[in-house]
There are 2 protein chains.
Amino acid sequence: MSTTEPAPAESGAAAAGTTEPAPAESAAPAASGAAAAGEKKLRPGRTNATKQRLFEASMELIGERGAAGVTVDEIAAAAGVSKGTVYYNFGSKSDLIAQLLRHGVDIMLVRLQDVRGKANDPLESMNNMVGQAMEFMDDYPSFARLWVSEIWRTPGEWSAVFAELRAELLAVIGSAVESVASGYKVNESIARGSLEAAIFGAIFVVGLDRQTYNPERTREQSVAAVMTIMHGYVIK
Amino acid sequence: MSTTEPAPAESGAAAAGTTEPAPAESAAPAASGAAAAGEKKLRPGRTNATKQRLFEASMELIGERGAAGVTVDEIAAAAGVSKGTVYYNFGSKSDLIAQLLRHGVDIMLVRLQDVRGKANDPLESMNNMVGQAMEFMDDYPSFARLWVSEIWRTPGEWSAVFAELRAELLAVIGSAVESVASGYKVNESIARGSLEAAIFGAIFVVGLDRQTYNPERTREQSVAAVMTIMHGYVIK
DNA sequence: CTAACTAAACTGACCAGTCAGTTCAAATAG
DNA sequence: CTATTTGAACTGACTGGTCAGTTTAGTTAG
């Protein structure tokens with residue numbers, strides 16, 4: 001058989017995450033603490049570690065210079081592997097980025113889930129969630145940049161991926177807003193969907209803006225600015 | 001020196017807009033109605049018209065596929081001019097984009113200035129401004145995409161341009177917020193800068209989000225969602 | 001008359017994707 | 001316990017193509 005037929009990965013980013021039934025933990029370098037426990041008995045050994053390094057390297061480079069502005073050679077070099085390895089683990093540059101997007105969203109979702117129900121008051125819960133999201137922005141600024149620079153490209157290469165990931169994230173925000181709406185009297189004339197989009201967008205933009213143009217501002221200030229939306233939503 | 005030194009343009013994007021002391025009108029294809037009247041007596045003749053078409057073509061293409069994803073040949077073809085003309089009018093692709101950014105911001109600033117003081121109530125004035133901005137998003141969706149996809153690239157090619165343009169836009173929003181703050185009792189614990197960033201960001205994100213994922217939502221809904229920020233800022 | 005523009009060819013760099021070959025850890029055989 | 005085999009993981013030179021920017025000789029229009 002001449003063709004080596006290598007591709008053992010080919011995950012496709014469909015429903016669940018990685019091959020293993022343990023979708024979480026994968027890549028949070030400084031997760032909260034309650035992550036998984038066993039990680040030594042990973043049979044496939046190298047591959048996961050390699051993918052991990054490729055994710056980290058890509059996240060950094062692509063966040064800085066954009067998906068189209070980074071070459072596969074650069075990513076490979078930054079990850080300390082050869083170009084071939086990138087194509088062994090991912091079918092194409094485009095596929096690498098698609099999986100990178102899912103990877104980042106998975107991390108963010110885990111974090112947001114972590115603060116759910118930690119507070120009794122829905123508004124306080126919302127505040128914690130925004131804080132957590134803002135922290136994520138600080139930890140993965142490059143992911144945020146990649147996100148905002150590609151998500152609105154009309155029929156872009158990753159439209160389908162973005163549509164799905166966006167829906168997953170908005171669902172989390174939506175349920176938090178829902179809690180507020182059932183615990184407080186709110187302005188019903190505001191369309192729920194637009195409100196969620198505004199919150200979500202404000203988180204990203206305020207976070208990026210602070211990092212890029214006003215690093216002296218505190219995370220609390222940013223959270224407060226975003227939470228202003230919620231305070232305008234509830235009727236006092 | 002062998003270099004032909006063609007560049008008659010080379011505006012540089014400093015203080016005022018175009019060469020002529022009439023900064024307005026330049027490019028609104030379907031402005032409100034009170035636009036300029038005479039356009040035949042343009043002294044520099046063709047150049048302005050050509051630049052105009054290049055701006056329009058670039059805005060469209062770059063908004064769709066990103067600055068790095070569009071070739072100069074494509075832009076020239078879309079504008080109906082030759083590639084040489086692009087380099088005659090602009091020194092480089094990068095310069096074209098820098099001037100394109102200023103051009104777009106100039107249009108937006110003119111529109112925002114148009115609604116200033118049209119209302120007596122600061123909050124209503126703010127509402128009009130957000131509505132105007134949202135209309136701009138509808139008219140120039142590609143500009144908005146270009147903006148969000150490039151403005152947060154750390155030391156990117158147009159960092160300096162963005163810093164200046166961002167400041168100009170934020171100043172307009174800031175003065176509107178200022179009016180609200182002097183006409184109403186507001187929550188002083190919210191940092192003004194973060195608030196402005198949140199408003200500005202929400203406008204872009206809500207606008208783009210509606211166009212891309214929820215075209216059925218009305219502009220009024222989007223405006224209302226953004227204005228929720230202001231309603232949370234004032235103390236009732 | 002000349003600034004603005006055209007058309008087409010050219011250059012030099014850069015880059016996504018390929019593929020024949022190498023490494024090495026674990027499985028199997030002796 | 002050592003020798004051999006297997007194949008997943010990885011390597012890096014190479015290919016075919018693309019693209020920003022240049023140049024030149026000629027055309028158009030104010």
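The structure presented is a predicted model; accordingly, all values stated were derived computationally and were not measured. Sequence lines set the chain letters: A, B, ... in the order given, protein chains first and strands last, and positions in each chain run from 1.
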Asks: When you check the side-chain N and O atoms of A:T154 and B:R65, is any donor under 3.5 Å from an acceptor?
Replies: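 No, no side-chain donor-acceptor contact under 3.5 Å.
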
Asks: Among all residues two or more places apart in sequence or in another chain, which pass the side chain to side chain contact (heavy atoms under 4.5 Å, CB included) test with A:A171?
Replies: none

Asks: C:dT18 P sits how many Å from A:K93 NZ, rounded?
Replies: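 So the two atoms are 15 Å apart, to the nearest Å.
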
Asks: Rounded off to whole Å, could you give me the CG-to-P distance for the A:L54 and D:dC10 pair?
Replies: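 My rounded result for the distance is 9 Å.
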
Asks: Nearest whole Å is fine: how far is D:dA29 C1' from B:N48 CG?
Replies: 16 Å

Asks: Return no unless some side-chain N or O of A:T50 is found under 4.0 Å from OP1 or OP2 of D:dC10.
Replies: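 Checking D:dC10 against A:T50, a side-chain N or O does come within under 4.0 Å of OP1 or OP2.
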
Asks: For A:Y88 and C:dA20, what is the distance between atoms OH and P respectively, to the nearest whole Å?
Replies: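 Going from OH in A:Y88 over to P in C:dA20 covers 17 Å.
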
Asks: Which of parallel (below 30°), tilted (30 to 60°) and perpendicular (above 60°) describes B:H103 and B:F55?
Replies: parallel

Asks: Under 4.0 Å between a side-chain nitrogen and a carboxylate oxygen: does that hold for A:E157 and A:K93?
Replies: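 No, no charged N to carboxylate O under 4.0 Å.
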
Asks: In whole angstroms, how far is the P atom of C:dG17 from the CG atom of A:L96?
Replies: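 Distance, rounded to whole Å: 11 Å.
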
Asks: Rounded to the Å, how far apart are A:R53 CZ and D:dT11 C1'?
Replies: 14 Å

Asks: Which residue, A:R217, A:R111, A:R219, forms the salt bridge (charged side-chain N to carboxylate O under 4.0 Å, His left out) with A:D138?
Replies: A:R219

Asks: A cation-pi test, strictly: NZ or CZ of A:K83 under 6.0 Å from the centre of the six-membered ring of A:Y88 and no more than 45 degrees from its axis. Yes or no?
Replies: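 Judged by the rule (NZ or CZ under 6.0 Å from the ring centre, within 45° of its axis), A:K83 is not positioned above A:Y88.
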
Asks: What is the distance, to the nearest angstrom, from the CZ atom on A:F90 to the C1' atom on D:dC10?
Replies: 14 Å

Asks: Taking only heavy atoms on the protein side, list every residue of residues 58-84 of chain A lying under 4.0 Å from any atom of DNA chain D, sorted numerically.
Replies: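 When residues 58-84 of chain A is checked for heavy atoms under 4.0 Å from DNA chain D, the hits, listed by number, are A:V81, A:S82, A:G84.
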
Asks: Measure OH/B:Y87 against P/D:dT24 and give the value in whole Å, please.
Replies: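 Between P of D:dT24 and OH of B:Y87: 17 Å.
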
Asks: Respond yes when some side-chain nitrogen or oxygen of A:N89 is under 4.0 Å from OP1 or OP2 of D:dC10, and no when none is.
Replies: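 Affirmative; the distance criterion is met.
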
